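Notes to accompany the following structure.
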Amino acid sequence: MENTDKIIDSAITNSVLHKADTRGHANHGWLESYHTFSFANYHNPERMNFGVLRVLNDDRVNQGMGFGKHPHDNMEIISIPLEGDLEHQDSMGNTTVIKEGDIQAMSAGTGIFHSEYNKNKDQLVKFLQIWIYPNQKNVTPRYDQITLDLNDRHNKLQQILSPNPEDEGVWIHQDAWFHIGKFDNDFSTSYELKKAGNGIYAFVLKGDFTIGNIALNERDGLGIWDTNAIKITANSANAEILLMEVPMKL
Amino acid sequence: METINILYIGRHLEILATVVRLINANENWNGVGVMNDEEAKEIFIRKDFSLVLLGSGIQEESETNLCTFFNKQNPNIIIVQHYGGGSGLLKSEILLALENNKN
């Protein structure tokens, strides 16, 4: 690994910090959503994307409610439930439920329709919806869903997504790798980027972290580019972080 | 406020209908959708469009051909790739294209 000083310098000079309370916010009653990047009626020219990472929505859907049938095309769509159960139906014939510990990936390609509902009548569902620009347009639509071993992320970074069907996690049409780690207080690790030209966007799911010399709290996001590696330290117990390595150019 | 005429081209009929409906939900935007290239060229000549959105299913050769045609007809035309197929990115894509065109 590169020396730590170089990593810290890199984080200072080539980074963008999105504090949680600066995100776009939409409250539709049944749906409360925080948008890291411009989405739907939230338009902020300064917050359009981080490389090919275009959407990072932090959604809460009320009991029994959800998104009716709606279309998508030419986008890699990843859903990560954080609490509760999300029921999914699509025009490819899939009817599934995703829950905490699962990850779902869809390649919308030439076009799909789907719906997403909170499966439960007595519990909120909280989930992240992430959109990544694909590396090829008009692919055949596809769906993938897996259950991850939650124990496999304790004090380590668990790979949950990659570009390779044979690799760990789900796969998408993009040179992107996602990892989740759940760390004890003061635990430190590093992440080495897998591909030259990629950047990394860290999103704090729970607790507090330091990356390089930048302090992050729950739901803060930090994008870093022109670096080979980052150092991550948890500053609270059971701190959880999502790392998204993505190409910086479409 | 001036109405912005927007031409959406895409090969998926249901997505086309959805995108056009979403465009027309904005009182200052007027959306027209077509599925094939010849129709797109014909309507482009007849109507004064400010912006073209290229949707799903358009192959590279078609896209190049369409862009060349539109630029020849109107050198000021704004041509934008539309991603996502719904309301998520549509507004931002259009607003950003119009803002960039002003600068």
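Please read these numbers as outputs of a predicted model, since none were measured by experiment.
- With a 6.0 Å radius and a threshold of 12 heavy atoms from other residues, nucleotides or ligands, A/Lys19 has its NZ atom above the threshold.
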Please report the C-alpha distance between A/Asn74 and B/Gln81 in whole Å, then the side-chain angles of each, then the deciding distance to 0.1 Å, and finally whether the side chain to side chain contact (heavy atoms under 4.5 Å, CB included) criterion is met.
CA-CA 10 Å; A/Asn74 285 327; B/Gln81 291 286 337; over 6 Å; no
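- Aromatic ring pairs are classed by plane angle as parallel below 30°, tilted from 30° to 60° and perpendicular above 60°; the pair B/His12 and A/Phe113 is tilted.
- With a 4.5 angstrom heavy-atom cutoff, B/Glu63 touches chain A only via side-chain atoms.
- Ranked by heavy-atom pairs shorter than 4.5 Å toward chain A, the options B/Gly86, B/Gly55, B/Gly57 are led by B/Gly57.
- Each of B/Ile58, B/Leu89, B/Leu22 has some count of heavy-atom pairs under 4.5 Å with chain A, and the biggest count is that of B/Leu89.
- The side-chain contact (heavy atoms from CB on, under 4.5 Å) check on B/Ala17 picks up nothing, with sequence neighbours excluded.
- Put simply, the side chain of A/Asn138 never gets that close to the backbone of B/Ser56: no donor and acceptor are under 3.5 Å apart.
- At a heavy-atom cut-off of under 4.5 Å, chain B is reached by A/Ser38, A/Phe39, A/Ala40, A/Asn41, A/Tyr42, A/His43, A/Pro45, A/Met48 from residues 37-53 of chain A, listed in order of number.
- Other residues, nucleotides and ligands contribute at most 12 non-hydrogen atoms within 6.0 Å of the NZ atom of A/Lys119.
- The choice from B/His82, B/Gln59, B/Lys91 that makes the most heavy-atom pairs within less than 4.5 Å of chain A is B/Lys91.
- Of the two parts of B/Leu90, neither the backbone nor the side chain holds a non-hydrogen atom closer than 4.5 Å to a non-hydrogen atom of chain A.
- Shown here for A/Gly111 and B/Ile15, the closest heavy-atom pair between the two residues is CA-CD1, 3.7 Å.
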Show the numbers, then the answer: is there a side chain to side chain contact (heavy atoms under 4.5 Å, CB included) between B/Thr18 and A/His70?
CA-CA 8 Å; B/Thr18 303; A/His70 61 280; over 6 Å; no
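- The OG atom of B/Ser92 lies 5.0 Å from the CZ atom of A/Arg54; values are rounded to the nearest 0.5 Å.
- By the 6.0 Å contact criterion, CG on B/Asp48 is open, its count of non-hydrogen atoms from other residues, nucleotides or ligands being 12 or less.
- If you take CG on A/Asp73 and CG on B/Leu16, they are separated by 10.5 Å, rounding to the nearest 0.5 Å.
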